[in-house]
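Every number for a ligand or one of its atoms is a count from 1 in the order of the listing.
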Amino acid sequence: MTQPIQEQIVALVQELKQHNYNYYVLSKPSISDFEFDQKLKQLEQLEQANPTFVLADSPTQRVGGSPTKQFKQVAHKYPMLSLGNTYNETDLDEFDQRIKKTIESTVNYVCELKFDGLAIGLTYTNGKLTQAVTRGDGTVGDDVTENVKTILSIPQQLKAGNYPATFEIRGEVLMHKATFQKLNQKFAKELEAKGFDEEEIKDQLYKNPRNLASGTLKMQDPKEVAKRPLDAFLYYIYTDTPLKPTHFEQLQLAAEWGFQVDKHAKVCNSIEEVKQYIQYIESIKDELSFEIDGIVIKVNAIAQQEELGFTAKNPRWAISYKYKAASALTHLKGISYQVGRTGAITPVAELEPVLLAGTTVKRASLYNADEITRLGLCENDWVFVEKGGEIIPKITAVATEKRGLFANPYVFTVTCPECNAPLIRREGEAVHYCPNESNCPPQLIGKIEHFIGRKAMNIDGLGAETIGGLYRKGLIQNYADLYSLQASDLLGLSFEIGEEGSKKSRSLQEKSVQNILAGIEASKQIPFERVLFALGIRMVGETVAKKLAKHFGNIENIAQADANTLSGVFEIGEKIAEQIVRYFSDPNNLQIIEQLKTAGLLFESSANQAQLLSNKLAGKTVLVSGTFSMSRDALKQLIEQHGGRNVSAVSKSLSLLVAGDKMGPEKLAKATQMGVKIITENELLEMLKSV
Ligand code: IVH
């Protein structure tokens with residue numbers, strides 16, 4: 001059943017407002033520009049056909065975005081408009097024809113890169129930069145002058161020249177791709193040092209240079225801004241009377257005064273030349289040091305621009321052309337299945353290698369059986385693969401017209417590709433599992449890799465490739481075997497590393513053997529809770545392992561506990577309890593634990609457990625989220641020392657949320673909505689101060 005028109009309009013307005021908020025305020029868009037434009041177009045069409053339902057706050061009625069609070073708000077002298085978008089040659093022809101309806105004389109265009117950054121308006125008074133304002137909602141923006149002064153390519157004083165006493169020039173602030181990579185790596189290291197796990201780090205990092213540039217320009221402290229180098233390209237001079245007859249000459253003028261302008265800007269004498277320019281830029285755009293999200297096409301003659309004027313939102317004399325996410329058509333050669341440490345099976349599409357946005361794509365993840373059904377993949381299909389940003393390629397659709405009449409649909413494998421065990425799929429889960437935990441090679445190797453991991457036994461000197469090599473050479477079958485390795489087993493041992501097709505041979509030399517053995521030896525000092533985590537019991541992550549270690553004190557007590565006793569421990573649910581019982585009922589696992597005990601690993605909590613300092617948080621559940629002046633582990637320990645319990649998710653029963661810097665906006669919104677008490681780190685410390 002279709003929704004009534006008015007409801008559709010209300011729902012679309014709500015959705016678009018949320019996307020605008022995500023984009024402009026949070027700098028974290030959740031859909032692509034293309035999808036946004038499609039939705040906006042849909043809304044425009046619905047509104048046009050039903051003008052009585054147009055809402056006053058519809059995104060079609062305003063430019064989008066809203067200024068942030070902390071900066072001085074400045075009204076734009078000339079509204080900061082957006083541009084209409086085109087996606088194909090027909091759209092471009094229509095634009096050209098629209099223009100020619102108004103302008104009878106010859107029309108030339110200037111084509112420029114559409115920089116993927118943030119718009120900025122710079123005011124110069126007697127050659128001196130006096131104000132820099134962001135776009136905001138198009139009418140009012142943030143005064144970010146001090147931050148902009150850190151951008152070296154923006155002159156604070158113009159070169160001598162014949163510039164007007166006061167004028168505004170607009171352009172785009174952006175961050176180069178290399179700077180973005182470097183900064184994100186640095187942030188990742190900082191977050192890691194603060195105890196964030198990989199998932200959380202991925203979540204917190206900036207997704208692209210535009211978001212990082214935006215976050216940077218909105219920082220309160222210009223000294224911090226200076227540590228994150230930004231750049232700027234200027235693309236339009238605003239004066240009440242034009243200085244030169246054409247836009248292209250105005251750009252050259254700006255360059256003479258000392259502004260950085262786009263070297264790719266080009267005058268095109270026809271829309272056909274514009275199309276060639278678009279094609280040319282598409283072929284070089286991945287080699288640019290910054291990201292662009294299309295091309296801007298502007299009528300060159302200023303007098304013609306004036307004649308064409310503006311609609312409520314866009315200039316009629318300019319339009320953008322947006323490149324679609326890189327997509328390619330290729331042949332699906334087959335589906336292979338990867339087996340993870342827990343036995344989870346991931347189907348992978350094996351593709352005829354195809355060039356996509358500068359890299360050769362051979363594979364795409366298919367996630368699970370449902371995705372294969374959703375796409376309706378058949379043997380020998382031709383499929384469209386897409387790559388957006390850094391994300392791994394995915395199949396977006398099947399070219400069904402290329403399919404034979406009697407093509408066989410793919411049926412998800414029923415047995416494990418590595419060990420042939422029949423797969424299982426638990427009710428309500430999307431993932432298939434191989435249940436053959438103790439004999440299936442990738443599961444065994446995966447478990448050893450988990451065991452040596454940084455948050456588990458942290459064995460330096462060993463990596464995934466060496467583990468694979470040692471396993472294949474028959475030296476290790478499980479992680480306990482690591483403790484029987486001798487220097488003589490390892491010295492000179494050679495094995496293959498690398499992927500199918502690009503294999504190399506590696507042989508272990510004295511230095512690496514020493515490192516490996518020293519790392520194994522040092523792991524014997526790792527505390528019980530981490531050893532417990534390292535065992536890789538399904539559903540026993542770091543937090544659960546910590547709880548178990550604290551509650552039961554040693555491995556025997558855990559192994560002997562039944563599901564009831566286990567789930568009696570706070571926050572250990574029935575499912576986790578079930579997995580723990582299952583693990584300890586497998587004689588194979590018990591034997592491995594015996595081996596580890598003999599090797600000297602710690603299977604008992606140290607007696608000097610953190611002492612209780614007070615009962616101020618007794619009976620309270622606390623969630624810490626974000627970054628703090630101390631590490632999160634230290635903060636969590638403090639909470640426990642005062643009788644509180646750390647939890648990892650927002651729920652109605654949560655007593656306190658300690659909000660640090662950079663905490664996820666969704667968490668914050670959820671906690672606010674549920675009425676959870678939210679406090680800062682300082683407020684918590686104040687609470688815990690003894691009287
Ligand atoms: S001209 C009235 N030129 O794209 C003229 N804009 O979607 C408006 N942009 O707000 C802008 N590169 O932030 C122009 N070479 C370029 C541009 C450009 C990027 C951005 C700008 C603008 C948005 C419009």
ask   = Has ligand 1 got any nitrogen or oxygen that is less than 3.5 angstrom from a nitrogen or oxygen of Glu112?
value =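 There is such a contact, yes.
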
inquiry  = Checking the N or O distance criterion of under 3.5 Å, is ligand 1 in contact with Lys298?
reply    =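 N/O-N/O distance under 3.5 Å: yes.
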
request  = Give me the one residue out of Lys149, Lys72, Lys218 that meets salt bridge (Lys or Arg N to Asp or Glu O under 4.0 Å) with Asp143.
outcome  = Lys72

ask   = Of all the atoms in ligand 1, which lie at a distance below 4.0 Å from a heavy atom belonging to Val296?
value =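 Those of ligand 1 that fall under 4.0 Å from Val296 are 3 (N), 15 (N), 16 (C), 17 (C).
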
query = Quick one: ring-ring contact (aromatic ring centres under 6.0 Å, His included) pairs with a partner in residues 125-145, sequence neighbours left out?
reply =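 Non-adjacent pairs meeting ring-ring contact (aromatic ring centres under 6.0 Å, His included): zero.
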
Does even one non-hydrogen atom of [X] get within less than 4.0 Å of ligand 1?
{"X": "Arg135", "answer": "yes"}
{"X": "Leu113", "answer": "yes"}
{"X": "Met80", "answer": "no"}
{"X": "Ala318", "answer": "no"}

Would you kindly specify which portion of [X] sits under 4.0 Å from ligand 1, judged on non-hydrogen atoms: side chain, backbone, both or neither?
{"X": "Leu81", "result": "backbone"}
{"X": "Tyr235", "result": "side chain"}
{"X": "Arg170", "result": "neither"}

To which protein heavy atom is [atom] closest, and what is the distance rounded to 0.1 Å?
{"atom": "atom 8 (C) of ligand 1", "result": "Leu83 CD2, 4.0 Å"}
{"atom": "atom 12 (N) of ligand 1", "result": "Phe115 N, 3.0 Å"}
{"atom": "atom 2 (C) of ligand 1", "result": "Pro315 CG, 3.5 Å"}
{"atom": "atom 23 (C) of ligand 1", "result": "Lys114 NZ, 3.8 Å"}
{"atom": "atom 5 (C) of ligand 1", "result": "Trp317 CH2, 4.0 Å"}
{"atom": "atom 13 (O) of ligand 1", "result": "Glu172 OE1, 2.7 Å"}

query = Does the pair Tyr236 and Tyr238 meet the rule for a ring-ring contact (aromatic ring centres under 6.0 Å, His included), with working shown?
reply = CA-CA 6 Å; Tyr236 207 85; Tyr238 284 79; 4.9 Å; yes

request  = For side chain to side chain contact (heavy atoms under 4.5 Å, CB included), just list the numbers for Ile237 and Arg170, CA-CA rounded to whole Å, side-chain angles, deciding distance to a tenth of an Å, and then say yes or no.
outcome  = CA-CA 6 Å; Ile237 300 179; Arg170 289 198 182 152; over 6 Å; no

Partner residues of Thr396 under the side chain to side chain donor-acceptor pair (under 3.5 Å) criterion, sequence neighbours left out =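 Applying side chain to side chain donor-acceptor pair (under 3.5 Å) to Thr396 gives none.
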
From CA spacing to verdict: side chain to side chain contact (heavy atoms under 4.5 Å, CB included), Ile302, Leu243 = CA-CA 10 Å; Ile302 308 283; Leu243 306 168; over 6 Å; no

task = Assess the pair Tyr109 and Trp317: is the distance between their ring centroids shorter than 6.0 Å?
result = no

task = Give a yes or no on whether the backbone of Val299 and the side-chain of Asn108 come within a donor-acceptor separation of less than 3.5 Å.
result = no

key: Member of Leu46, Ile9, Val10 meeting the side chain to side chain contact (heavy atoms under 4.5 Å, CB included) criterion with Phe53   =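 Testing Phe53 for a side chain to side chain contact (heavy atoms under 4.5 Å, CB included) against Leu46, Ile9, Val10 leaves exactly one candidate, Ile9.
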
request  = Classify the angle between the aromatic ring planes of Phe290 and His176 as parallel (below 30°), tilted (30 to 60°) or perpendicular (above 60°).
outcome  = perpendicular

